[in-house]
Amino acid sequence: MAEFDVIQGDITKSDVDAIVNAANTTLLGGGGVDGAIHRAAGLELFAACVPFNGCPTGEARITPGFLLPARWVIHTPGPVWRGGDHNEAVDLASCYRESLRLAVAKGCHTVDFPSISTGIYGYPLAEAATIATQTIASVLSQSETLTQVRLVAFDPKTATAYREAWAQA
Ligand code: APR
């Protein structure tokens, strides 16, 4: 089975086949990791996103990485946390599953994720980490293509949450 790792760092520096962007449904950029990825990739990334005319929560769209070291960027809008009874868990799991599905379809072997929805979208960290690691573990157990999937945490608390969740996954 492919390896899963948690590292702490800046996902725009990831030299992997694909990085995942915690986008919003307009796919036209924003703050947080979305803003960082668009700044690092350059204006061509914005131009490549316009034709999608947005993306529903839980789905994913793939574009080239342009000026990023990563070859591809997979854009997936995570759920906004609204208390937990608005399908948030299902939508968050779908972000990870659909992103990996697109990565495999493009022949990617290495994929880096940020902690989707746990920033501006307010998803509780421990719950999000559990959903993310369980979904990743399930996909990796059935994939021949993926060799490395990482969670790139931007801070130590996030890194610890995903390491603890992975240990239970
Ligand atoms: N590398 C890795 N992780 C990062 C980086 C970075 N350069 N910058 C921020 N993060 C982390 C945040 O610290 C958080 O842990 O990404 C995680 C997700 O936080 P957000 O970027 O706020 O994403 P999210 O909570 O999914 O909210 C999405 O924010 O940026 C806007 O356009 C985006 O409207 C959308 C919303």
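First listed ligand is number 1; within each ligand, the first listed atom is number 1.
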Taking N or O atoms only and a 3.5 Å limit, does [X] qualify as a polar contact for ligand 1?
| X | answer |
| --- | --- |
| Ala36 | no |
| Gly31 | yes |
| Thr158 | no |
| Asp155 | no |

Inspect the surroundings of [atom1] in [X] and state if more than 12 heavy atoms from other residues, nucleotides or ligands are less than 6.0 Å away.
| X | atom1 | answer |
| --- | --- | --- |
| Arg163 | CZ | yes |
| Leu67 | CG | yes |
| Asp155 | CG | yes |

Option whose closest heavy atom lies nearest to [atom], chosen from [options]:
| atom | options | value |
| --- | --- | --- |
| atom 16 (O) of ligand 1 | Thr25, Val33, Thr76, Leu125 | Val33 |
| atom 17 (C) of ligand 1 | Ser115, Gly119, Ala40 | Ser115 |
| atom 12 (C) of ligand 1 | Phe154, Trp81, Tyr121, Phe113 | Phe154 |

Check ligand 1 against [X] and write out every atom of the ligand that is under 4.0 Å from a heavy-atom position of the residue.
| X | result |
| --- | --- |
| Gly32 | 21 (O), 30 (O) |
| Ser117 | 24 (P), 25 (O), 26 (O) |
| Asp34 | 30 (O), 32 (O), 33 (C) |
| Ala22 | 23 (O), 26 (O), 28 (C), 33 (C) |

Could you grab the distance from atom OG1 of Thr63 to atom CZ of Phe46, nearest 0.5 Å is fine?
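Reported to 0.5 Å precision, the distance equals 12.5 Å.
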Checking a contact table here: which protein heavy atom is nearest [atom], and how many Å away?
| atom | answer |
| --- | --- |
| atom 1 (N) of ligand 1 | Ile11 N, 3.0 Å |
| atom 29 (O) of ligand 1 | Ile120 CD1, 3.2 Å |
| atom 7 (N) of ligand 1 | Asp10 OD1, 3.0 Å |
| atom 15 (O) of ligand 1 | Thr118 OG1, 3.6 Å |

Report yes or no: does Thr110 contribute a side-chain atom to a donor-acceptor pair with the main-chain N or O of Asp17 at less than 3.5 Å?
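Judged by distance alone, yes, a pair lies under 3.5 Å.
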Main-chain N/O of Glu98 paired to Glu59 side chain as donor or acceptor, under 3.5 Å
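Side chain of Glu59 to backbone of Glu98: no pair is present.
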Before accepting this row, confirm whether a basic side-chain N of the pair Asp5/Arg150 lies closer than 4.0 Å to the acidic partner's carboxylate O.
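No, no charged N to carboxylate O under 4.0 Å.
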Where is the tightest heavy-atom contact between Leu68 and Val73, given as atom of each residue plus distance?
CD1-CG2, 3.4 Å
Is ligand 1 under 4.0 Å from a heavy atom in the side chain of Ala23, in the backbone, in both, or in neither?
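Answer for Ala23: backbone.
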Determine the interplanar angle of the Phe4 and Trp166 rings, folded into 0 to 90°, and report it as parallel if under 30°, tilted if 30 to 60°, perpendicular if over 60°.
tilted
Indicate yes or no: at least one non-hydrogen side-chain atom of Val33 is less than 4.5 angstrom from one of Asn21.
yes
